[in-house]
Amino acid sequence: MQSLREIQRRFVEAVFSPEASIDFVAGSPASARDRTAIYRRTIFTNYHNALSATYPVVKRLTGAPFFHTAVDAFAHAYPSHSGDLNIYGDALGEFLATYPPAADLPYLADVARLEWAIDEAHRASEASCAPESVLAALAIAPPHRLPALRLRLEPSCRLVASPFPILRIWQTNQPGYSGDDRVMLDEGSDAMLIRRGDNGISLERLTAGDHAWLAALAAGGTLGTAIEAAQGADATFDLGVTLREQIAAGTIIAVVDM
Amino acid sequence: MSPASNRLPFQAGIGLRTPHVNEVLAQCPDVPFFEVHSENYYLDGGPALASLARIRADYPLSLHGVGMSLGSADPLDLSHVEKLRTLIARIEPALVSEHLCWSGIAGRHLNDLFPLPYTDEALALACARVAELQERLGRAVAIENISSYLTFADSTIPEWDFVAALARRTGCKLLLDVNNIYVNATNHGFDADAYVAAIPPDAVAEIHLAGFETANGCLIDTHGAPVAPDVWALYARTIERLGSRPTLIEWDTEIPAFAVLQREAATAQGILEACNAVAA
């Protein structure tokens, strides 16, 4: 008799490799093969459905057959490690970036990253925000300590940037969109702040400097590092203006590490 | 939160899925209780969680997990348990349930429900995992019998004895899925009534009903069709034996209008009331 672990290991192998031996399944070889195939179909259909819900624009851009084939390859390359199917698929953008059949769609990976950011924003925790308390905390910080400060972003905030006009691509592929749906790939790059507000998810276009600044803060960098990143991306970056705007907008919710 | 109730009524409730949440919130339909998939609310915040809290304020609610993989030879995923614990603290459900199955091995998760080989080793492991889960959650959990399309050559214990032994050894509750018993009885050639007869009645905290589809002579538990006539009949005989129990209509694929689910629940309610009338 095989151990439970061995049976489970062989079953998983058989799901992903139809040619694997399945003599651990009861019944005739033909019936065992048919019954194992039912599980294989269900599993991949589950992944198609889950990722279709997370990546509707990627699916619309590629068409369902291409999308499902890509998801099958993705599920082989990036197995799920959680019993929560809702958080599966974060790496689809990374996968599509080097997926040979998607080579003609160079923007596809970034559209996937945008859709994942939207999905994460939906699931993020709540945070109360009081701009006056953030301003007060900054006002009492000694000037020499300012570069070492860290600013906490509202938990749903996500930063996405692409050399392609992915915001327009995303917008023109929303259900019910009726307007000019032609997007020129050389229209220019996009940098965005995605967040959840009282009226749902918002996608706001940022300057390259503001994006670099917020992305550095979101990654846990100090204010000093974030300023350097912003100035590197945009020589006209104005810290005073951006700071006031993003505090007022509720993007920055706390000053930490004082 | 002002919880509606902390017990599931012995009536027919409905599995609540995302497409119907807004309708339920707007119209407050007369439904004795709802059940949701726990993992759909493993969220840190946001509108879905807020909606669930509002529904919980008006209805008894059951949390039904699909991802714990209790029968895996891997250890319990403690981060998954912790998310469930957090959700339980938020929602104060009337009942928490999971499946008698496994979903992955060696850290890989296939996000589907697989049957166990029914062996002494698997029984010992399932008992240990269920006991650990109940210990970590600080409450009894109801464990559901799953549908299956194959059996393992090494199985030595009939499924019904395996399920009954799990309840006796761990003190867990059972969520008896009558459709799954029917599907397995057909797929594997056993007597569905003998299965029901082997189940300790006191352990059964809830009953599930759903629809199956047929492919190449195999019944597939798609949760995408009305409850079949044979399953209604098996349900009536089950209620006759156990007495009435909270009963849930599940529909997960090709989800129909909410009114269709209400009609299915009304049929179950009629069977429950007929049984009560005979008992009285």
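In this text the structure is predicted, and so the values were computed from the model without any measurement. Just so it is clear: chains get the letters A, B, ... in the order the sequence lines come, proteins before strands, and each one is counted from 1. As a basis for the values below, the full set of heavy atoms in this structure was taken, side chains included, without hydrogen atoms, waters or symmetry mates.
- Interface remark: S72(B) contributes backbone and side-chain atoms alike to the contact with chain A (heavy atom separation under 4.5 Å).
- If you measure heavy-atom distances from I38(A) to chain B, the contacts under 4.5 Å come from the side chain alone.
- Top candidate by heavy-atom pairs under 4.5 Å with chain A, chosen from P117(B), S69(B), A122(B), C218(B), is C218(B).
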So L110(B) and V15(A), side-chain contact (heavy atoms from CB on, under 4.5 Å) or not? Walk me through it. CA-CA 9 Å; L110(B) 273 62; V15(A) 164; 4.0 Å; yes

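- Of the two parts of T36(A), the backbone and the side chain both hold a non-hydrogen atom closer than 4.5 Å to a non-hydrogen atom of chain B.
- In this structure, chain B has no heavy atom under 4.5 Å from any part of S31(A).
- Distance check, rounded to the nearest 0.5 Å: CG of L43(B) to CD of E126(A) gives 10.0 Å.
- A distance-only check finds no donor-acceptor pair linking the side chain of Q8(A) to the backbone of D74(B) [under 3.5 Å].
- Heavy-atom distances place the side chain of Y47(A), and not its backbone, under 4.5 Å from chain B.
- With a 6.0 Å radius and a threshold of 12 heavy atoms from other residues, nucleotides or ligands, E135(B) has its CD atom at or below the threshold.
- No part of A121(A) comes within reach of chain B, as not one of its non-hydrogen atoms sits under 4.5 angstrom from that chain.
- More than 12 heavy atoms of other residues, nucleotides or ligands sit less than 6.0 Å from atom CZ of R150(A).
- Of the listed residues L150(B), N40(B), N216(B), the one with more heavy-atom pairs under 4.5 angstrom with chain A than any other is L150(B).
- Distance CZ/R40(A) to CG/D112(B): 13.0 Å, rounded to 0.5 Å.
- A donor-acceptor pair shorter than 3.5 Å can be found between the side chains of S80(A) and N111(B).
- Residue T156(B) touches chain A through its side chain alone, counting heavy-atom pairs closer than 4.5 Å.
- Here the closest heavy-atom approach between residue I105(B) and residue R5(A) is recorded as CD1-NH1, 3.6 Å.
- Looking at W102(B) and V12(A), their side chains come closer than 4.5 Å, going by heavy atoms from C-beta outward.
- Interface remark: D84(A) contributes backbone and side-chain atoms alike to the contact with chain B (heavy atom separation under 4.5 Å).
- The local environment of CD in E254(B) is sparse, with at most 12 non-hydrogen atoms from other residues, nucleotides or ligands closer than 6.0 Å.
- Chosen from G67(B), A106(B), S79(B), the residue pairing most often with chain A at heavy-atom distances under 4.5 Å is G67(B).
- When side chains are defined from C-beta on, L49(B) does not count as touching R123(A), because their heavy atoms never get closer than 4.5 Å.
- Counting non-hydrogen atoms of neighbouring residues, nucleotides and ligands closer than 6.0 angstrom, the CZ atom of R85(B) reaches no more than 12 such neighbours.
- Between F114(B) and Y39(A), the ring-plane angle classifies as perpendicular under the 30° and 60° cut-offs.
- No other option in S38(B), A153(B), S155(B), A215(B) has as many heavy-atom pairs under 4.5 Å with chain A as A153(B).
- For the atom pair CE of M1(A) and CZ of F152(B), the computed distance is 12.5 Å after rounding to the nearest 0.5 Å.
- Taking the side chain as every heavy atom from C-beta outward, K83(B) and I87(A) approach each other to under 4.5 Å.
- The shortest distance between side-chain heavy atoms of R196(A) and P47(B) falls below 4.5 Å.
- N49(A) does not touch chain B: none of its heavy atoms, backbone or side chain, sits under 4.5 Å away.
- Proximity to chain A involves both the backbone and the side chain of T151(B), based on heavy atoms less than 4.5 angstrom apart.
- A donor-acceptor pair under 3.5 Å is formed between the side chain of N86(A) and the backbone N or O of E39(B).
- Heavy-atom pairs under 4.5 Å with chain A were tallied for G71(B), A50(B), S103(B), G217(B); the largest tally goes to G71(B).
- You'll find the side chain of L4(A) reaches within 4.5 Å of the side chain of L125(B), heavy atoms only.
- Using a 4.5 Å heavy-atom threshold, the side chains of D154(B) and Q2(A) count as touching.
- The nearest pair of heavy atoms linking P79(A) to R108(B) is CB-NE, 3.3 Å.
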